[in-house]
Amino acid sequence: LGYIKVSSFSMEVSAVDGQFGQALQDLLDAGAKGIVLDLRDNSGGLVQLAMSIAGRFFPDYTPLFDFYYADGTGGFAYRGFIEILPGEPYYQGPVAVLVNEMTGSAGELFAYAMKTDDRALIVGYTPTGGFAGEVGDGQYKLPGELSMQIPTGRPVDPVTGETVIEGRGVAPDVRVPRTVESLLSPEDEVLQAAEQALLAN
């Protein structure tokens with residue numbers, strides 16, 4: 001099995017996208033029968049980078065959701081959509097995505113994308129953080145060199161019209177029980193669960 005840790009989507013798009021593509025190609029050349037993508041503690045970054053990386057696991061164009069932004073009058077206005085475009089190298093084999101409660105924003109948009117059409121198994125103790133809302137227009141500076149941000153946009157399912165991810169996250173397909181023993185164990189039980197699921201597949 002191949003393993004790639006994706007710590008953030010906040011770096012320069014083309015460089016990171018190329019690095020991921022090379023890492024994936026190396027695993028393909030080595031004959032990996034399954035891929036584990038570790039997005040635990042990935043709190044997000046650039047959505048276009050997340051979707052570009054996701055495109056290496058889908059053979060066709062895949063629409064995901066619409067984005068609505070606060071319009072300044074108490075409502076929300078349509079501001080575009082998020083989609084997956086196929087990319088190279090393409091991997092069609094089994095994939096597991098590891099998440100936790102600190103997987104958020106573009107990180108959980110990626111997890112949501114990979115759950116589309118059951119493309120990947122989502123594995124974790126908990127769902128993702130449920131903080132996928134756009135914050136670009138919600139940055140505020142406060143006295144005392146403090147700052148805060150609030151979500152000003154929300155992803156919406158284009159078919160049902162429901163807000164997705166925000167407030168509830170992306171639930172694991174394989175939920176690993178969190179116990180006192182697991183918290184004290186040096187073993188990575190989430191990774192082990194993902195490996196077992198992929199090998200069973």
Side-chain angles (χ1 to χ4, degrees), residues 5-17 20 37-58 60-87 95 97-120 122 124-173:
K5 171 73 173 174
V6 185
S7 300
S8 172
F9 292 114
S10 63
M11 294 186 260
E12 200 274 321
V13 174
S14 60
V16 175
D17 191 46
F20 183 91
L37 302 175
D38 191 345
L39 269 75
R40 290 175 291 182
D41 300 321
N42 181 324
S43 60
L46 302 171
V47 175
Q48 63 266 40
L49 176 56
M51 294 304 106
S52 181
I53 289 175
R56 293 187 165 91
F57 301 94
F58 288 83
D60 302 307
Y61 166 82
T62 306
L64 287 179
F65 42 74
D66 296 325
F67 247 110
Y68 285 81
Y69 289 70
D71 61 8
T73 66
F76 283 86
Y78 177 72
R79 182 100 57 99
F81 57 92
I82 303 298
E83 61 190 352
I84 300 172
L85 299 175
V95 179
V97 178
L98 311 186
V99 300
N100 64 8
E101 63 273 21
M102 291 308 297
T103 305
S105 191
E108 60 188 333
L109 295 180
F110 179 89
Y112 181 88
M114 294 300 291
K115 195 164 182 171
T116 301
D117 296 331
D118 297 321
R119 177 61 191 94
I122 309 299
Y125 289 126
T126 68
T128 61
F131 50 99
E134 167 63 38
V135 296
D137 295 335
Q139 307 289 329
Y140 298 93
K141 291 185 178 180
L142 303 176
E145 299 185 9
L146 298 174
S147 65
M148 66 175 287
Q149 65 181 16
I150 60 172
T152 54
R154 58 192 175 104
V156 173
D157 185 300
V159 176
T160 66
E162 294 181 9
T163 299
V164 297
I165 306 173
E166 191 71 12
R168 60 177 176 251
V170 178
D173 300 299

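The CZ atom of Phe110 sits 14.0 Å away from the OG atom of Ser105 when rounded to the nearest 0.5 Å. Between the CG atom in Leu37 and the CD1 atom in Ile122 there is a gap of 9.0 Å [rounded to 0.5 Å]. In this structure, the separation between OG1 on Thr163 and CZ on Arg168 is 7.5 Å, given to the nearest 0.5 Å.
Residues Gly44 and Ser8 share a closest heavy-atom pair of O-OG, 3.5 Å. Pairing each heavy atom of Ala50 with each of Ala106, the nearest pair is CB-O, 3.8 Å. When all heavy atoms of Ala113 and Ala54 are compared, the closest pair comes out as CB-CB, 4.4 Å.
With hydrogens and angles disregarded, no donor-acceptor distance shorter than 3.5 Å links the side chain of Gln149 to the backbone of Gly138. Within the 3.5 Å criterion, the main-chain N or O of Gly124 finds no donor-acceptor partner in the side chain of Thr126. Side chain of Asp117 to backbone of Arg119: no donor-acceptor contact under 3.5 angstrom is found. When atom types are taken as modelled, the side chain of Lys115 and the backbone of Asp173 share no donor-acceptor pair closer than 3.5 angstrom. With Thr128 contributing its side chain and Val170 its backbone, the two residues share a donor-acceptor pair below 3.5 Å. Between the side chain of Asn42 and the main chain of Val6, a donor-acceptor pair closer than 3.5 Å is present.
Residues Phe65 and Asp157 form no side-chain contact, since every pair of their non-hydrogen atoms from C-beta on lies 4.5 Å or further apart. The side-chain heavy atoms of Met148 and Leu146, taken from C-beta on, include no pair separated by under 4.5 Å. Side-chain contact between Met114 and Phe58 is present, with heavy atoms from C-beta onward closer than 4.5 Å. Counting heavy atoms from C-beta on, the side chains of Glu108 and Leu39 never come closer than 4.5 Å. Using a 4.5 Å heavy-atom cutoff, the side chains of Phe9 and Ile53 are in contact. Contact check for Ile82 versus Leu109: no side-chain heavy atoms found under the 4.5 Å cut-off. Between Val156 and Tyr78, the closest side-chain pair of non-hydrogen atoms is not below 4.5 Å.
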Let me see the working for Leu85 and Tyr61 under side chain to side chain contact (heavy atoms under 4.5 Å, CB included), right down to the final yes or no.
CA-CA 5 Å; Leu85 299 175; Tyr61 166 82; 3.5 Å; yes
Run the side chain to side chain contact (heavy atoms under 4.5 Å, CB included) test on Ile84 and Phe57 for me, step by step, so that the C-alpha distance in whole Å, both residues' side-chain angles and the decisive distance to 0.1 Å come before the verdict.
CA-CA 10 Å; Ile84 300 172; Phe57 301 94; over 6 Å; no
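In terms of the side chain to side chain donor-acceptor pair (under 3.5 Å) criterion, residue partners of Arg40 (sequence neighbours excluded) are, by chain and number, Asp38, Asp188. Applying the ring pair (Phe, Tyr, Trp, His ring centres under 6.0 Å) criterion to Phe131, with sequence neighbours excluded, gives no partner residue.
The aromatic rings of Phe67 and Tyr69 lie tilted to each other, with the angle between the two planes from 30° to 60°.
Using a 4.0 Å cut-off between charged nitrogen and carboxylate oxygen, Arg56 and Asp17 count as a salt-bridge pair.
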